[in-house]
Number of protein chains: 2
Amino acid sequence: MTPASAPAARTPLNRARVVAEALATADEAGLESLSMRSLADRLGVVPMALYKHVSNKEELLDAMVDAVIREIQPRDVADDWKEAAREQVMAARRTMLQHPWAWRAIETREAPSPAALDRMEAMIGTLRSGGLSAPLVHHVMHTLGSRLWGFSQEVFATGPQPTDPQAAQEAMEMMAARWPSVLESAMSTLHQQDTAVGPGCDDETEFTFALDLILDAAERLHTQGWTPGPRSDGATRVGAP
Amino acid sequence: MTPASAPAARTPLNRARVVAEALATADEAGLESLSMRSLADRLGVVPMALYKHVSNKEELLDAMVDAVIREIQPRDVADDWKEAAREQVMAARRTMLQHPWAWRAIETREAPSPAALDRMEAMIGTLRSGGLSAPLVHHVMHTLGSRLWGFSQEVFATGPQPTDPQAAQEAMEMMAARWPSVLESAMSTLHQQDTAVGPGCDDETEFTFALDLILDAAERLHTQGWTPGPRSDGATRVGAP
DNA sequence: ACCTGAACACCGTTCAAGT
DNA sequence: ACCTGAACACCGTTCAAGT
């Protein structure tokens, strides 16, 4: 039907379109809605067609994560290393708030993508520029963990609270009876729903508290001339358990 | 065939057996090998039989996580709150080293199980006993994050290193060219494979560095009379981004 | 040479039919 | 009343057959 010289009416599939549509699906409907079959449907092709452009689903997720990490754009800040490091992490967080599915995809990647290595290179460079030793920077990067990528793993995200007032009352009474300290702790701080990555209480206040605690501690250890080996508090700690 | 008065030759299925066999499967073959169908096979029953004892796979995983968390048994230590808190976390870590699949199951739970609440109650109680205020304890619990459960999320676990010497050499040269600081940082610290939870470098050294950093910082904030509100370093920080 | 329908080897879970 | 085979509604991926 179509003349051989004219391209097909449908835009030909390519890797960029596949990844872009996958990102759109995750943004709109969540990561659990993304399957190779549903993605093929959205693109109006047969599932097998996708395998021309990504070798499998894991590679598609790799590409999606790479694209999201590439969106992280720290603002230019003063040349204080700690403030610069803080801004880089907060920039990552801004990106994660825009892609609520991304943290789940990031934490299942096996190796860092090029964009991830670029991000790590920038962060490590910033910390080293402050004079922190390579081993200290290495430990600080581990201590930051997922916070480098703008989220903190909320292990037991306090799930959706019971909306029924009576059920809420009963849950509270059970907590008070068996877990009074947990209840007191939960009540002691209000959480901001609107600045949280995902469910639970990984909100701005908790995130910045932990971030500043880590960066301040890193600065202190550096100033005190930390070196690898014994515990920083001076207690002896020799040998494996 | 079997007299009606005698029990069936096969031990009748019950919830405890289902959960125990699921734990054994995960310990032996990993969490990815655990399916409702494979578990039923191991127990010599039809898949549907499991649904008499667990309402679905998520509830089975809940029960498995509850059982593992119940295994965490901190040793009795001196009445110093920081040393007690440290031992509780290290006890969790010892348990995770014995069940390498457990961290993946824990991080996908939606709500804390009774055993998890008991663990949190003990930890919060210990921190409060040191005189730390309820809001400070709340923030410290968030800062600990998954470390409370004995693991730290290794976001980009440096995957299996290339065993082929030439491939390793090439990878190193590529890193040196594009990500020199990442390479320098990686080279600066050796990791202990035998004390790591899962792949990557969540080993004893990294884990205790971060744990001590957090507990030391908590102690310092407490001593300095930390109260909720402005940033601990005195910098002003008002309003949302 | 290129594309793809059908199939393969799985999932978790439902449900009606059988004893 | 109890149990379960077959089926449902999915997966990701392979592969041989068709054009």
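Predicted model only: the values in this text are computed from it and were never measured. Lettering of chains follows the sequences in order, A, B, ..., and the numbering in each one begins at 1.
- Residue A/Leu60 contributes atom CG, which lies 14 Å from atom P of D/dC11 at whole-angstrom precision.
- Comparing the P positions of D/dT19 and C/dA7 gives an interatomic distance of 16 Å, to the nearest angstrom.
- Taking atom CG on A/Leu13 and atom P on C/dC2, their separation rounds to 16 Å, with Å as the unit.
- Here, D/dC10 and C/dA9 have their P atoms 22 Å apart, quoted to the whole Å.
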Dot-bracket for DNA chain C, 5' to 3', Watson-Crick and G-U pairs with both distances under 3.5 Å, [ ] for crossing pairs, | for partner on another strand, reads ||.|||||...|||||.||

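- Below 30°, between 30° and 60°, or above 60°: for A/His99 and A/Trp101 the angle between ring planes is above 60°, a perpendicular geometry.
- In this structure, B/Val68 and B/Ala102 approach most closely via the heavy-atom pair CG1-CB, 4.0 Å.
- Candidate nucleotides C/dC3, C/dG5, D/dT4 were compared by shortest atom distance to the side chain of A/Lys52, and C/dC3 ranks first.
- The list of side chain to side chain donor-acceptor pair (under 3.5 Å) pairs with a residue in residues 44-56 of chain B, not counting sequence neighbours, reads B/Ser55-B/Glu59.
- Residue pairs meeting the salt bridge (charged side-chain N to carboxylate O under 4.0 Å, His left out) criterion with at least one partner in residues 61-73 of chain A, sequence neighbours excluded, are A/Asp62-A/Arg109, A/Asp66-A/Arg70.
- Sorted by first then second residue, the salt bridge (charged side-chain N to carboxylate O under 4.0 Å, His left out) pairs that include residues 144-153 of chain A, not counting sequence neighbours, number zero.
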Which letter, B, S or -, goes with each nucleotide of nucleotides 12-19 of chain D from 5' to 3', with contact meaning a protein heavy atom under 4.0 Å? BBBB----

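- One C1' atom belongs to C/dT13, the other to D/dT13, and the distance between them is 23 Å to the nearest Å.
- Under the side-chain contact (heavy atoms from CB on, under 4.5 Å) criterion, A/Glu32 pairs with no residue at all, not counting sequence neighbours.
- With sequence neighbours excluded, the residues forming a side-chain contact (heavy atoms from CB on, under 4.5 Å) with B/Pro180 are A/Glu121, listed by chain and number.
- In terms of the side-chain contact (heavy atoms from CB on, under 4.5 Å) criterion, A/Asp41 has no residue partners (sequence neighbours excluded).
- With rounding to whole Å, B/Leu43 atom CG is found 16 Å from D/dT4 atom C1'.
- Comparing C/dG18 with D/dC8, their P atoms are spaced 16 Å from each other, to the whole Å.
- Sequence neighbours left out, the pairs with a member in residues 169-189 of chain B that pass salt bridge (charged side-chain N to carboxylate O under 4.0 Å, His left out) are A/Arg128-B/Glu184.
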